[in-house]
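First listed ligand is number 1; within each ligand, the first listed atom is number 1.
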Amino acid sequence: MTPGPAGWARETAEGGSPSGLSPGSGPYQGYVYAYPHKTAYRPLEPRPALREVWAGEPMDALFLYLHIPFCEMRCGFCNLFTRTGAPEELVAAYLDALERQARAVRDALDGPRFVTAAIGGGTPTYLSADELTRMFDLTERIMGVDLRAVPLSVETSPATATADRLAVLAGRGTTRISIGVQSFIDAEARAAVRPQRRAEVETALGRIRETGFEALNIDLIYGIDGQTEASWRYSLDAALEWKPEEIYLYPLYVRPLTGLGRRARDWDDHRLRLYRYGRDHLLAAGYEQVSMRMFRLPGTGSATEYCCQSDGMVGLGCGARSYTSGLHYSYEYAVGAGQVRAIIDDYVRLAPEEFAVANVGFRLDPGERRRRHLIQSLLQAGGLDTAAYRERFGTGVTDDFGAELERLADRGWLEPLTAAGLRLTPEGLAHSDAIGPALFSGRVRELMTAYEAR
Ligand SMILES: C[S@@+](CC[C@H](N)C(=O)[O-])C[C@H]1O[C@@H](n2cnc3c(N)ncnc32)[C@H](O)[C@@H]1O
Ligand code: SF4
């Protein structure tokens with residue numbers, strides 16, 4: 001997936017609800033790729049004008065994120081904001097709306113300078129080569145950004161990574177291409193309800209390498225029914241054949257009530273075992289670990305993982321979020337697949353002035369800003385730079401979060417504090433999906449619980 005936003009910033013899979021760090025509470029509570037989680041967003045009343053929201057924000061190092069909520073199929077495990085089978089007219093209407101939104105957002109920003117960009121989904125390459133060209137044209141023209149001059153990450157899938165689309169991506173300056181493979185074994189892909197053929201995957205990877213991008217990322221999933229250490233190794237080795245600059249290893253999450261919850265404890269053990277196996281295998285192959293999920297070949301460009309401490313993210317598209325230092329907002333949010341269609345249909349009908357305000361969001365007070373910094377830094381293998389924290393906030397992280405950090409240390413998940421800062425132990429990193437949710441504030445937890453109970 002696309003980093004942050006590498007996340008992150010990207011919309012991605014998340015699991016259950018936040019919980020404490022009690023030994024019984026399991027390592028897979030939720031994937032924290034952004035804090036606060038979108039289920040903590042609420043309608044903003046009155047809806048603030050984007051011009052006010054962005055007034056006084058630094059404009060010199062912004063992240064531009066475009067969200068394309070379309071896929072050719074709905075994978076059984078996926079709870080991203082996306083719909084399948086969108087007809088050509090809907091894609092055209094979506095690009096029209098994206099254009100209106102881009103204009104409104106551009107008018108609210110005072111001389112923005114974008115330093116990095118990502119296009120995520122869904123599957124951006126669900127768009128045809130011509131539609132992709134239109135998307136690039138409108139973005140560059142309206143947002144005033146030369147995408148060839150900044151790092152640009154784009155997500156694709158095996159079935160849609162066709163030569164004509166890849167040529168457009170390369171021609172428009174894509175530096176990193178991220179492809180979801182999940183498993184190189186057809187039966188495992190089927191078990192994850194992702195009907196795909198190994199031959200198609202290999203052809204897509206071959207085309208990506210032929211087209212030539214600075215960095216290739218391959219997403220793999222572990223914890224699939226029937227997956228063993230041997231079959232996991234087979235997929236890891238098949239991915240390594242392509243010498244990808246990055247590999248993301250995702251523990252499988254399933255939506256509650258799918259029936260898979262029954263084997264919760266065994267499944268936790270299964271995923272932890274495969275995580276350790278995968279981590280060790282990639283480390284032995286010369287990769288470095290950037291976070292629980294991300295591994296990178298040393299010396300292959302800058303970290304594409306979304307720089308978690310940057311506040312300025314401008315999101316375009318109906319599932320995209322935007323961040324300023326004091327407000328995280330988006331157009332709308334939904335989890336249920338049924339709602340997604342309705343939200344996209346609404347989005348494509350919005351009048352220009354509707355794009356000039358923030359609809360749903362979360363306001364970050366100074367405490368929440370500190371907490372966001374703590375969570376997003378600590379979940380990186382490099383950890384949290386305590387001096388940088390003090391410089392940014394004027395307080396010490398161990399004063400602000402002493403009790404929480406002590407609980408992590410008691411579990412053996414935090415290294416002793418050094419001059420370099422605070423870092424998780426390898427076991428702490430393995431438990432990132434328990435540590436992240438445990439560090440949520442009471443307020444965020446309440447909002448998320450209330451959302452999930454609906
Ligand atoms: C936007 S997709 C990648 C691009 C493209 N849509 C595809 O699937 O090939 C994001 C990635 O998130 C991961 N992912 C999504 N849902 C997941 C889940 N429930 N559990 C684990 N990983 C998941 C998958 O590895 C997937 O490749
Ligand atoms: S193709 Fe990718 S984004 Fe679409 S449903 Fe499958 S995993 Fe999710």
Side-chain angles (χ1 to χ4, degrees), residues 1-16 28-33 65-86 118-127 153-162 165 169 176-184 188-197 200-201 204-205 208 216-225 227 235-236 239 244 246-258 260-261 267 270-271 274-275 278 292-295 317 319-320 335 337 340-341 344 432-433:
M1 42 208 296
T2 299
W8 285 121
R10 36 204 177 150
E11 299 287 314
T12 186
E14 54 260 329
Y28 299 105
Q29 299 295 322
Y31 176 17
V32 183
Y33 55 92
Y65 179 70
L66 253 70
H67 184 237
I68 304 294
F70 303 122
C71 289
E72 77 277 17
M73 60 184 165
R74 182 90 205 181
C75 306
F77 53 82
C78 183
N79 60 356
L80 301 182
F81 186 93
T82 185
R83 67 156 280 178
T84 54
I119 306 170
T123 306
T125 46
Y126 181 81
L127 271 51
S153 177
V154 183
E155 286 174 5
T156 189
S157 71
T160 59
T162 56
R165 290 166 170 124
L169 300 187
R176 173 184 185 268
I177 190 122
S178 175
I179 184 166
V181 171
Q182 327 311 354
S183 171
F184 282 86
E188 282 183 5
R190 267 198 310 281
V193 199
R194 163 120 172 164
Q196 107 190 336
R197 308 286 284 260
E200 183 177 57
V201 171
L205 286 164
I208 288 171
L216 161 67
N217 174 70
I218 295 180
D219 289 340
L220 296 177
I221 289 185
Y222 56 92
I224 300 170
D225 230 0
Q227 200 174 24
S235 277
L236 291 163
E246 291 170 20
I247 303 184
Y248 266 76
L249 305 185
Y250 287 94
L252 179 62
Y253 274 96
V254 290
R255 286 178 290 262
L257 310 178
T258 52
L260 284 160
W267 193 31
H270 182 216
R271 285 180 289 182
L274 294 178
Y275 164 76
M292 179 177 123
R293 288 171 176 74
M294 184 190 182
F295 295 81
V335 177
V340 171
R341 280 179 182 235
I344 296 173
S432 292
D433 284 11

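Closest heavy-atom contact between Leu252 and Arg271: O-NH1, 2.6 Å.
In terms of modelled atom types and a separation under 3.5 Å, the side chain of Glu188 and the main chain of Tyr222 share no donor-acceptor contact. Judged purely by atom type and a 3.5 angstrom limit, Arg83 has no side-chain atom pairing as donor or acceptor with the backbone of Gly122.
Atoms of ligand 1 lying under 4.0 Å from at least one heavy atom of Thr156, given by number and element, are 4 (C), 5 (C), 7 (C), 9 (O). Atoms of ligand 1 found under 4.0 Å from any heavy atom of Gly122, numbered from 1 in the order shown, are 1 (C), 6 (N). Taking a cut-off of under 4.0 Å to the non-hydrogen atoms of Gly122, the atoms of ligand 2 that pass are 3 (S). Here is the list of ligand 1 atoms found below 4.0 Å of a heavy atom in Leu252: 20 (N), 21 (C).
Under 4.0 Å from ligand 1, not a single heavy atom of Met73 appears. The proximity of Cys71 to ligand 1, defined as any non-hydrogen pair under 4.0 Å, does not occur for either the backbone or the side chain.
Distances from ligand 1 to the non-hydrogen atoms of Ser178 include no value under 4.0 Å.
For atom 6 (Fe) of ligand 2, protein N, O or S atoms under 2.8 Å: 1 in total.
Taking only non-hydrogen atoms, the option from Glu155, Glu72, Gln182 nearest to atom 26 (C) of ligand 1 is Gln182. Of the listed options Ile68, Asn79, Asp219, Val254, Asp219 places a heavy atom closest to atom 3 (C) of ligand 1.
The CD1 atom of Ile119 sits 10.0 Å away from the CD atom of Glu155 when rounded to the nearest 0.5 Å.
Taking the charged nitrogens against the carboxylate oxygens, Asp225 and Arg190 have no contact shorter than 4.0 Å, which rules out a salt bridge.
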- Please lay out, stage by stage, how Asp433 and Tyr253 fare under the test side-chain hydrogen bond (donor to acceptor under 3.5 Å, both in side chains). CA-CA 11 Å; Asp433 284 11; Tyr253 274 96; 2.7 Å; yes
